[in-house]
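Each remark here refers to the structure printed beneath this line.
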Amino acid sequence: MSPNIITEAGVSTRLNQWWSSTPFITSGVTIICAAIYLVCLLVGYDSYAEICFLPSAVASHFQVYRFYTSVLFHGSLLHVLFNMLTFVPLGTELERIMGSVRLLFLMFLLATTNAIFHLIVAFLVDYNPLYHVSYLVDECSIGFSGVIFSMIVIETSLSGVQYRSVFGLFNVPAKWYAWILLILFQFLASNVSLLGHLSGILSGFAYTYGLFNYLLPGPSFYSSIEGLSMLSVCVRRPGFILCTGGTTYGQLPTHSNMSTPPSALINANFLRNISSWMPSRRTSTVQTSTNQEQEDPRFPGRGRTLASTGTEPTAREANANLHARLLDNSTPSELLTNSQHTAANTVRADATVTADQTDTFDEELKKLVGMGFERTQAEVALAAADGDPNVAIEILMSQQD
């Protein structure tokens, strides 16, 4: 009996740690979807035709509420379980990148745009002059999977990975990952809404390409929401992540300046995001440094290139140049004096660099703690990552998995 008790305690402890590390909005959405399913199961509610997304009902009776009720309801235990197990890691990653309020607004935006894409495609297919497919207009869809497909596209774009694993069986290029999942689910699962998942993929790509930038509020909107007194209880919770405390690696679309003409938006954002999927050659160092100096106002935070070579000479090259100048222009006594001054300056410079590195390490550690990680684990991960917060986040996420 003792080994079983120890094993059960270990599993429960790991489950508690996994759930306690889930941010506020991600855990809240999971609880809401699970609670709605349990309530429907207990009261025997099965009139899904009243709350599902039905294109014909939305168009004829303008039942816009179906945009959102269809997302929160699920048809079976396996349906809600699979969706939530997929949503929790995706939502956790995106919430730590964006912040809690921004993620909540993003899910609301994706639910709306998914429904609009669903409507457009369904009626285009039904009323096209070549071949009529009328069943899509009368198809009743429920579940959170459409938003999940959008989040898969967005998270893949922000992570910058080149390949993704499909069920741990084989790797595929990241840009085809969502499309391959779409095809596999159609063959492996029954009663799956192809158009619902396809609409989610279209919304995800539209968001990453910057087509929704005019629909995104500015940073002041998120700050005002976080500053509301009625939400102070939520903001003080450990799992709540402020929008200013998230990690902003990758290209995070934000509010666009309304003075920018639409043509400039298409030429800059759309073409830049499309070209990011294409292989490109390395540019010169001077061009790289110039691009880093010109900060893009659309993306918050400060960019940093890993393992880049700057135009300033390294310490070894500086010492070699110094020795060459001393040998050419100095006497032996002057050489000794200059060498002593150089050694003293080097010691002072090393001390300054060490102090700057300590301050940077403390700042990055505070950011990780503010994102919901434990201080001890965050400090160990940041030290193992040589002060790189992105690598430290990956280490912490892998430990939680």
Side-chain angles (χ1 to χ4, degrees), residues 15 18-19 22-58 63-95 100 103-119 121-122 135-155 167 178 181-204:
L15 288 176
W18 171 74
W19 182 251
T22 305
F24 181 74
I25 295 298
T26 302
S27 58
V29 171
T30 304
I31 292 174
I32 290 173
C33 290
I36 289 176
Y37 174 75
L38 290 178
V39 170
C40 293
L41 187 65
L42 293 176
V43 301
Y45 180 82
D46 58 355
S47 301
Y48 295 117
E50 299 176 356
I51 49 89
C52 70
F53 184 79
L54 190 61
S56 59
V58 174
Q63 297 176 348
V64 184
Y65 68 89
R66 293 177 181 269
F67 285 19
Y68 313 106
T69 56
S70 61
V71 173
L72 299 176
F73 284 79
H74 293 80
S76 65
L77 177 61
L78 185 61
H79 188 197
V80 66
L81 183 64
F82 184 81
N83 277 355
M84 292 302 102
L85 287 178
T86 308
F87 167 71
V88 167
L90 280 173
T92 300
E93 181 71 13
L94 289 178
E95 188 167 354
S100 298
L103 177 65
L104 182 61
F105 180 84
L106 174 64
M107 290 189 293
F108 175 80
L109 177 64
L110 292 176
T112 306
T113 55
N114 287 358
I116 294 174
F117 278 122
H118 196 141
L119 275 175
V121 176
Y135 77 91
L136 292 177
V137 177
D138 298 323
E139 185 181 55
C140 189
S141 303
I142 58 173
F144 205 78
S145 54
V147 177
I148 290 175
F149 267 88
S150 299
M151 296 175 68
I152 289 174
V153 175
I154 296 172
E155 194 275 334
F167 306 132
L181 289 181
L182 175 69
I183 297 174
L184 288 178
F185 280 124
Q186 289 302 125
F187 286 103
L188 298 179
S190 60
N191 204 18
V192 175
S193 175
L194 172 64
L195 189 51
H197 294 170
L198 177 62
S199 301
I201 294 177
L202 294 179
S203 293

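Side chains are part of it too, since the values below use all heavy atoms of this structure and drop only hydrogens, waters and symmetry mates. Because the structure is predicted, anything quoted here is derived from the model rather than measured.
Of the possible donor and acceptor atoms, one in the side chain of E95 sits under 3.5 Å from a partner among the backbone N and O of I25. For T69 (side chain) and I51 (main-chain N/O), a donor-acceptor pair under 3.5 Å exists by modelled atom type. Side-chain atoms of Y37 come within 3.5 Å of backbone atoms of L77 as a donor-acceptor pair (strictly under, hydrogens ignored). Within the 3.5 Å criterion, the main-chain N or O of C52 finds no donor-acceptor partner in the side chain of S70.
In this structure, OG on S100 lies 12.0 Å from CG on L94, to the nearest 0.5 angstrom. Atom CG in L41 sits 13.5 Å away from atom CD1 in I36 (nearest 0.5 Å).
Within a 6.0 Å radius of CG in L78, no more than 12 heavy atoms belonging to other residues, nucleotides or ligands are found.
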*Before giving the answer on side chain to side chain contact (heavy atoms under 4.5 Å, CB included), spell out for I154 and L106 the whole-Å C-alpha distance, their side-chain angles and the decisive distance to 0.1 Å.*
CA-CA 11 Å; I154 296 172; L106 174 64; 4.2 Å; yes
*For I116 and F67, what are the C-alpha separation, side-chain angles and deciding distance, and is it a side chain to side chain contact (heavy atoms under 4.5 Å, CB included)?*
CA-CA 9 Å; I116 294 174; F67 285 19; 4.3 Å; yes
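In plain terms, the two heavy atoms of L110 and S203 that are nearest each other are CD2-CB, 4.2 Å.
A donor atom on one side chain and an acceptor atom on the other are found under 3.5 Å apart for T112 and Y68. No hydrogens or angles considered: nothing links the side chains of S27 and T22 as a donor-acceptor pair under 3.5 Å.
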N/O donor to acceptor pairs below 3.5 angstrom from side-chain atoms of residues 135-148, sequence neighbours left out:
| from | atom 1 | to | atom 2 | distance (Å) |
| --- | --- | --- | --- | --- |
| D138 | OD1 | S56 | OG | 3.4 |
| S141 | OG | S193 | OG | 3.3 |
| S145 | OG | H197 | NE2 | 2.9 |

Donor-acceptor list for residues 82-91 side chains, cut-off 3.5 Å, not counting sequence neighbours:
| from | atom 1 | to | atom 2 | distance (Å) |
| --- | --- | --- | --- | --- |
| N83 | ND2 | H74 | NE2 | 3.2 |
| N83 | ND2 | H79 | NE2 | 3.3 |
| T86 | OG1 | F82 | O | 2.8 |

